Structure formats: C-alpha cells, structure tokens
Amino acid sequence: MNSKILKVCLFLSCIALLCINVFIYRQNHSAADSVSDISVRSEYSGDVTVAENICYRPDEGDTQCYMDIAYQADGVSKPLIVCIHGGAWYSGSRTEFNSFMYTFSDEGYVVAAIDYDLYPDATIMEELECVTDAVVYLAENADTYEIDKSNIVVAGFSAGAQLAMRFAEEYAENADKYDFTVSAAMDLFGPTDLQYMLCYMENDFVTLCIESPEAIDGVEDSDIFTELKKMDVLTNLSSALMPVLIVQGTEDTTVPVTVSDRFYDALTEAGIEVRYEKVDGMGHDTHNAAIIPICDSFLKEYIQ
C-alpha cells in the first residue's frame, strides 16, 4: 500500500513539475501577456522636433551614413533608441522605422533611425563599423539632442538586428572604452545564428554568402565558415551582454523560429536577461503594429 502511495506521489510531483516548466516556457515565449496598451502613431506629435538627414560620418566622402533624430525639445535628457533597418545587408532604408520614430518620440525617448553603407559598397563588417560610428556620434552630440548617454538602446529589424546584436556584443566586451552605456538591445526577427541558416536554409543571405563570401569582410578565397564567425551573433555571444528582447513571428520563413529559439536558449544558458516574444501568425513583417507594444513593455521594464 505504501509503495502504491509513493508511486502516486512521484507521479503527481512529475506532473506538477511539468506544469511549472510549461508555465515558465510560455512566459518566455508568448507575447500575449507582456504587451502594453501604447497607441501606435502614424505621424509625429506636434511636440516632437525632428532633425533630418544628419550625416554621422562627415569625413567619409560618398556615404549613405545619414540619420533622422526625433525628440521632444524640453531641456530634459532622455533615453535613446538607435534603430537599424534590415534588407539582407544590401538594401533597405531607415524609413522602415517610421512608426518607431513617430510613437516612441511621443513617449519621451530620443529616437534615431540610421542608414548605413550597403553591400557592395561596403562589406558587412564595415556596415557594423557604420553602426558603431552612429552610436558614438549620437553620444558625442548628446547635449544637442537631449540624450541620456547612460540609457541607450539598440534595435534592429532582420539584418539590422544582426548588426544591432553584434554591436551590442562588441560594446559589452569593450564597455570601458566608451563614455556611454548601452542598457538594452532589441532583436526583431534577427538572423542571429548564421551558421545554422547557411547549413539548413535557402534565402538571399545564403545566396550572398555562397556566391560572394568576400561580402562579409572583403577576404577573397576564404572559407565561408571562417568568415561567418566574424559576424555571427551566436558565435560571438558575450556573457556581459545587456538585457535582450527577441521578437519572432511564428510564420516567418525568412528567419525561421528555430533561429530565435536557438538564440534564446544560448542567452539563457549564458545567464543573460532575455525576453522572448513569439507573435502567432506573423511572418517576416517589419511593419506589423504588434511589434511596438511588445517593445514598449520591454523598454518600460529595463529603461524607464
């Protein structure tokens, strides 16, 4: 009799443990319970000042390195969100972040959306240098744009998310070299596991790497996996990384769920604070209005 009771107790304990794990998993992988009621704007508020077409690499000659900066000019320093567009590293525009600009500038942030030199005019590693220069420029001009240099967030869509996260990793490993603080990073559909994608997928990125491996760092006749290690987020993961938000659509075929799952698992294993939000039914849709409330909730937890 005691043996039967013991078996029942063990069985019930296993069920309870399973339920707890499912609950924790859903907390980390569902957007349903962790979004805000923020109103997504379709234009700038009348209280917002916009500085347009600011060149952040004026000494580089012919360059695409321009940005728009939106903020409320009220004399108070504000957290900065730096937005990096996608486009498979060879296309795209900062206008991809217009809704972010409209909405978060009205919420009391300084929001800067950047363009950067694209392949074939720049390698992908040179694009990363553009991102670094953009953040440095904004920090150097913090007084002009009322930026709180101790509260900077980097955010990117797709390829821009890969650049944002690689910048965040490089910053985390060399934070003492900078006079500003990157407090959080937002990975929105980012290809954060490039080696996995190269092995198991067919898309624009894979085609680019196979046909033009020199696109990564300008090194010709090099092994593609050697080159990928330079830019791969998962390979260069830093244990010093700041809190990370991952947003992933369940129907994304460009950057599939598996990629973000693997990134989330690696961040968790490394002890890095991470929120992972899967949006049911969403594809690789950088203009989906569901993204902004998720980002707002994350920012309110880690920035404001």
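Count residues from 1 along the sequence. Since this is a predicted model, take the numbers as computed values, not measurements.
- A search for side-chain hydrogen bond (donor to acceptor under 3.5 Å, both in side chains) contacts involving Asp296 returns Ser36, Lys300, not counting sequence neighbours.
- Closest heavy-atom contact between Ala159 and Gly87: CB-N, 4.2 Å.
- Of all the heavy atoms in Ser39 and Thr103, the pair that sits closest is O-CG2, 3.6 Å.
- Atom-to-atom distance recorded for Leu267:CG and Met165:CE is 6.5 Å, nearest 0.5 angstrom.
- Under the 4.5 Å side-chain heavy-atom criterion for ILVMFWY residues, no single connected hydrophobic cluster contains both Tyr66 and Ile81.
- Here the CG-OH distance, from Leu198 to Tyr196, works out to 12.5 Å after rounding to the nearest 0.5 Å.
- Checking side-chain atoms of Asn236 against main-chain N and O of Asp232 turns up a donor-acceptor pair under 3.5 Å.
- Residues passing the salt bridge (Lys or Arg N to Asp or Glu O under 4.0 Å) test with Glu227 are Lys230, sequence neighbours excluded.
- Here the side chains of Phe189 and Met282 are in contact, with some heavy-atom distance below 4.5 Å.
- Counting heavy atoms from C-beta outward, Ile303 and Tyr109 have side chains that approach closer than 4.5 Å.
- Contacts of Ser105 classified as side-chain contact (heavy atoms from CB on, under 4.5 Å), with partners at least two apart in sequence or in another chain: Tyr44, Val48, Ala70, Val111.
- Legend: residues meeting side-chain hydrogen bond (donor to acceptor under 3.5 Å, both in side chains) with Asp59, ordered by chain and number and at least two apart, are absent.
- Inter-residue side-chain proximity for Met231 and Leu194 is flagged as met; some heavy-atom pair is nearer than 4.5 Å.
- Checking Asp106 against Ser45 by side-chain atom types alone, a donor-acceptor pair falls below 3.5 Å.
- The backbone N or O of Val259 lies less than 3.5 Å from no partner atom in the side chain of Gln248, so there is not a single donor-acceptor pair.
- Under the side-chain hydrogen bond (donor to acceptor under 3.5 Å, both in side chains) criterion, Gln64 pairs with no residue, sequence neighbours left out.
- Annotation: salt bridge (Lys or Arg N to Asp or Glu O under 4.0 Å) contacts of Glu43 (sequence neighbours excluded): none.
- Note: Phe100 and Phe97 have perpendicular aromatic rings, judged against thresholds of 30 and 60 degrees for the angle between ring planes.
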Solution key, residues 128-139 side-chain donor-acceptor pairs under 3.5 Å, sequence neighbours excluded:
from, atom 1, to, atom 2, distance (Å)
Thr132, OG1, Leu128, O, 3.2
Asp133, OD2, Arg57, NE, 2.7
Asp133, OD2, Arg57, NH2, 3.0

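- Gln72 meets the side-chain hydrogen bond (donor to acceptor under 3.5 Å, both in side chains) test with no other residue; sequence neighbours excluded.
- The side-chain heavy atoms of Ile84 and Ile114, taken from C-beta on, include a pair separated by under 4.5 Å.
- The salt bridge (Lys or Arg N to Asp or Glu O under 4.0 Å) search around Asp143 returns none, not counting sequence neighbours.
- Asn141 places no side-chain N or O within 3.5 Å of a backbone atom of Thr144 that could act as its donor or acceptor partner.
- For the salt bridge (Lys or Arg N to Asp or Glu O under 4.0 Å) test, residues two or more places apart in sequence or in another chain that qualify with Glu146 are Lys78.
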Please tabulate, for side-chain N and O atoms in residues 178-186, each donor-acceptor pair with protein atoms closer than 3.5 Å (sequence neighbours left out).
from, atom 1, to, atom 2, distance (Å)
Asp179, OD2, Lys149, NZ, 3.1
Ser183, OG, Ser150, O, 3.2
Ser183, OG, Asn151, OD1, 3.2

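- The structure places CD1 of Ile216 at 13.0 Å from CD of Glu126, a figure rounded to the nearest 0.5 Å.
- The heavy-atom pair separating Phe104 from Cys295 by the smallest distance is CZ-CB, 4.1 Å.
- A continuous path of hydrophobic side-chain contacts links Ile291 to Val40 [ILVMFWY only; heavy atoms under 4.5 Å].
- Heavy-atom minimum distance, Ser238 versus Ile272: O-CD1, 3.2 Å.
- Summarising the geometry of Tyr71 relative to Val110, their closest heavy-atom pair is CB-CG2, 3.8 Å, with the distance given to 0.1 Å.
- Rounded to the nearest 0.5 Å, atoms CD (Gln162) and CD1 (Ile124) are 7.0 Å apart.
- Of all the heavy atoms in Leu234 and Ala266, the pair that sits closest is CD1-CB, 3.4 Å.
- For the residue pair Ser158 / His284, a side-chain donor-acceptor distance below 3.5 Å is found, with atom types taken as modelled.
- Asp187 has no carboxylate O lying under 4.0 Å from a charged side-chain N of Arg275, or vice versa, which leaves the two without a salt bridge.
- Residues Phe263 and Val233 form a side-chain contact, since some pair of their non-hydrogen atoms from C-beta on lies under 4.5 Å apart.
- Residue pairs meeting the salt bridge (charged side-chain N to carboxylate O under 4.0 Å, His left out) criterion with at least one partner in residues 165-175, sequence neighbours excluded, are Arg166-Glu169, Arg166-Glu170.
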